[in-house]
Number of protein chains: 2
Amino acid sequence: MPTAVEQSKSLFVRRWGEMAAYWGISRTMAEIHALLYATPTPLCTDDIMAQLAISRGNTSMSLRSLVDWGLIERVHHRGDRKEYFVANADVWALFANITRQRQRREVEPILDTVRRCRDLVDEELPRLKGDEAADLRAYRQRLDDMLEFLTAVARIVDLFLRLGPKGLKRVNGVLRKLVA
Amino acid sequence: MPTAVEQSKSLFVRRWGEMAAYWGISRTMAEIHALLYATPTPLCTDDIMAQLAISRGNTSMSLRSLVDWGLIERVHHRGDRKEYFVANADVWALFANITRQRQRREVEPILDTVRRCRDLVDEELPRLKGDEAADLRAYRQRLDDMLEFLTAVARIVDLFLRLGPKGLKRVNGVLRKLVA
DNA sequence: TGATACTTTCAGTATATATTGAAATTACAG
DNA sequence: CTGTAATTTCAATATATACTGAAAGTATCA
């Protein structure tokens, strides 16, 4: 492979890996994903091990996670018992997947907890008077603010995901008008 | 403080801390922030150390980061040389801050890199023919897809931030129509 | 100016997370 | 079934990140 392209791919893989932490996936998972995304041809475990210089175990576990996340797929070639892998080429599907998982893993548990925190305060509030009650009401108010905000965001994200890939430009247009 | 409320606050602090990793801030930073958000009264370093059972050094560094992020503020009481801290109570401002920082730290570097990767491919493409050129064009296409998607998202986030707190409900309403 | 109260820094250490590699397991072809 | 190639698992290990605490630094007051 020519050198400018090699550079391009390795740059892409490296940067994708650096960003991994932010997206809640490990560096290796992200690098493997980037490599597959950059390579339309299916790759097998050994290809990946060689190109990224990582162990067989790590490769196996990371590939499994990526399949679980729905970011890559297994491919079989007839007459060859090796497994090959390809990345999902649809960028929208990629981010929709990640967003859905994060929604479920991050936003929903927080919402549950904040609701429970609010209920615990409500148990106690009627029994109190004066300064202590005032402080508590302030805390309770903040929990409510948080709750309202988070549910609004969750709803918007949900609507957004339903819009699908073609919705991106429409949303852009609509928002542009709202801002103006 | 009554026990149901104690439970409520410690639950809130713990959960906020667990979510920290996802948001790119450390557990302690998140816990301190949660504690301050849950406590409308300003707290000093010793209050925080005591309540979260963490060291002075850790407290000091985390508080500084939180101030840098714009998530909390320093407060001074006359006749007292201690520094006190309060959380920004505005939930919208909180998330707008985090979003802006993540945009700058994550989305922009990725965009720069992907553009550079594309340019490197374009350097090489005209010199190639046949299968190799086809593979390369596929890679180049994927970089373009990614670029288009990321710039669209960046634009939307930007518009969103400009809308401010009152825009949340309007966006919700508008999106709801788009989906229907 | 010195004494005191408070804050910051950072080398050392602890903790959490990711990775290796070899053994165990599975899947397939003959 | 048997032998072999491929994959998975997981205890040991490496690496990255966060935390501690004591020493150094800074600000304020008498």
Side-chain angles (χ1 to χ4, degrees), chain A residues 13-36 42-69 71-86 105-106, chain B residues 13-36 42-69 71-86 105-106:
Chain A
V13 168
R14 223 173 317 124
R15 175 65 81 180
W16 212 245
E18 281 166 19
M19 290 299 118
Y22 294 125
W23 292 93
I25 61 182
S26 82
R27 163 177 302 251
T28 303
M29 267 177 74
E31 290 198 347
I32 293 178
H33 177 263
L35 179 62
L36 291 173
L43 297 181
C44 70
T45 307
D46 294 277
D47 296 333
I48 295 166
M49 285 171 61
Q51 295 218 36
L52 301 180
I54 55 177
S55 72
R56 189 170 298 282
N58 193 4
T59 308
S60 170
M61 288 193 298
S62 299
L63 283 169
R64 178 223 277 277
S65 297
L66 285 167
V67 171
D68 287 349
W69 277 69
L71 305 182
I72 67 172
E73 272 180 19
R74 287 173 205 279
V75 171
H76 291 274
H77 288 158
R78 73 177 67 251
D80 181 350
R81 34 167 119 159
K82 269 211 207 71
E83 288 190 314
Y84 292 78
F85 298 87
V86 289
R105 294 188 196 191
E106 299 167 38
Chain B
V13 167
R14 223 173 319 122
R15 175 66 81 181
W16 212 244
E18 280 167 18
M19 291 298 117
Y22 295 124
W23 293 93
I25 62 181
S26 81
R27 163 178 300 253
T28 304
M29 267 177 75
E31 290 198 346
I32 293 178
H33 177 264
L35 179 62
L36 291 173
L43 297 181
C44 70
T45 305
D46 294 277
D47 297 332
I48 295 167
M49 285 171 60
Q51 296 219 35
L52 301 180
I54 56 178
S55 72
R56 188 172 297 283
N58 193 5
T59 307
S60 170
M61 289 194 299
S62 300
L63 284 169
R64 178 222 277 275
S65 296
L66 284 168
V67 171
D68 287 348
W69 276 70
L71 305 184
I72 67 171
E73 273 181 18
R74 286 172 206 278
V75 171
H76 291 274
H77 288 158
R78 75 177 65 251
D80 182 351
R81 35 169 117 162
K82 270 213 209 66
E83 289 189 311
Y84 291 78
F85 297 87
V86 289
R105 295 188 195 190
E106 299 168 38

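To find a chain, count down the sequence lines: A is the first, B the second, and so on, and within it residues start at 1.
- With sequence neighbours excluded, the residues that form a side chain to side chain donor-acceptor pair (under 3.5 Å) with B:Arg56 are B:Asp46.
- The distance from atom CZ of A:Arg74 to atom P of D:dT7 is 9 Å, rounded to the nearest whole Å.
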- In 5'-to-3' order, the base (B), backbone-only (S) or no-contact (-) status of each nucleotide in nucleotides 23-30 of chain D, using a 4.0 angstrom heavy-atom cut-off, is ----BBS-
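- If you take OH of A:Tyr84 and C1' of D:dT7, they are 14 Å apart, rounded to a whole angstrom.
- Within 6.0 Å of atom CH2 in A:Trp69, more than 12 heavy atoms from other residues, nucleotides or ligands are found, so the atom counts as buried in its surroundings.
- Between the NE2 atom of A:His77 and the P atom of D:dA6 there is a distance of 14 Å, given to the nearest Å.
- Remark: A:Ser62 OG to A:Ile48 CD1 distance equals 9.5 Å, nearest 0.5 Å.
- Regarding B:Asp80, its CG atom lies at a distance of 18 Å from the P atom of C:dT4, rounded to whole Å.
- Taking 4.5 Å as the limit, some side-chain heavy atom of B:Phe85 sits within range of a side-chain heavy atom of B:Arg74.
- A 6.0 Å sphere centred on CZ of A:Arg105 holds more than 12 heavy atoms belonging to other residues, nucleotides or ligands.
- Rounded to whole Å, the distance from CD on B:Glu83 to C1' on C:dT8 is 11 Å.
- Look at CZ on B:Phe85: it is 13 Å from P on C:dC6, rounded to the nearest Å.
- What separates CG of B:Asp46 from C1' of C:dA5 is a distance of 11 Å, to the nearest Å.
- Here the side chain of A:Ser60 is nearest to one of C:dT9, D:dT9, C:dC6, namely D:dT9.
- Between atom CG of residue A:Leu63 and atom SG of residue A:Cys44 there is a gap of 10.0 Å, rounded to the nearest 0.5 Å.
- Put simply, the side chain of B:Thr45 does not reach to within 4.5 Å of the side chain of B:Lys82, judged on heavy atoms.
- Checking each of A:Leu66, A:Asn58, A:Ile72 against A:Met29 for a side-chain contact (heavy atoms from CB on, under 4.5 Å) leaves exactly one that passes, namely A:Leu66.
- One atom, CE of A:Met49, and another, C1' of D:dT8, lie 13 Å apart when rounded to the nearest Å.
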- Task: Using a 4.0 Å cut-off on protein heavy atoms (strictly under), produce a 5'-to-3' string for nucleotides 12-19 of chain D with B for base contact, S for backbone-only sugar-phosphate contact, and - for none.
- Result: ------SS
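- Interatomic distance, CD of B:Glu31 versus CD of B:Glu18, reported as 9.0 Å (0.5 Å rounding).
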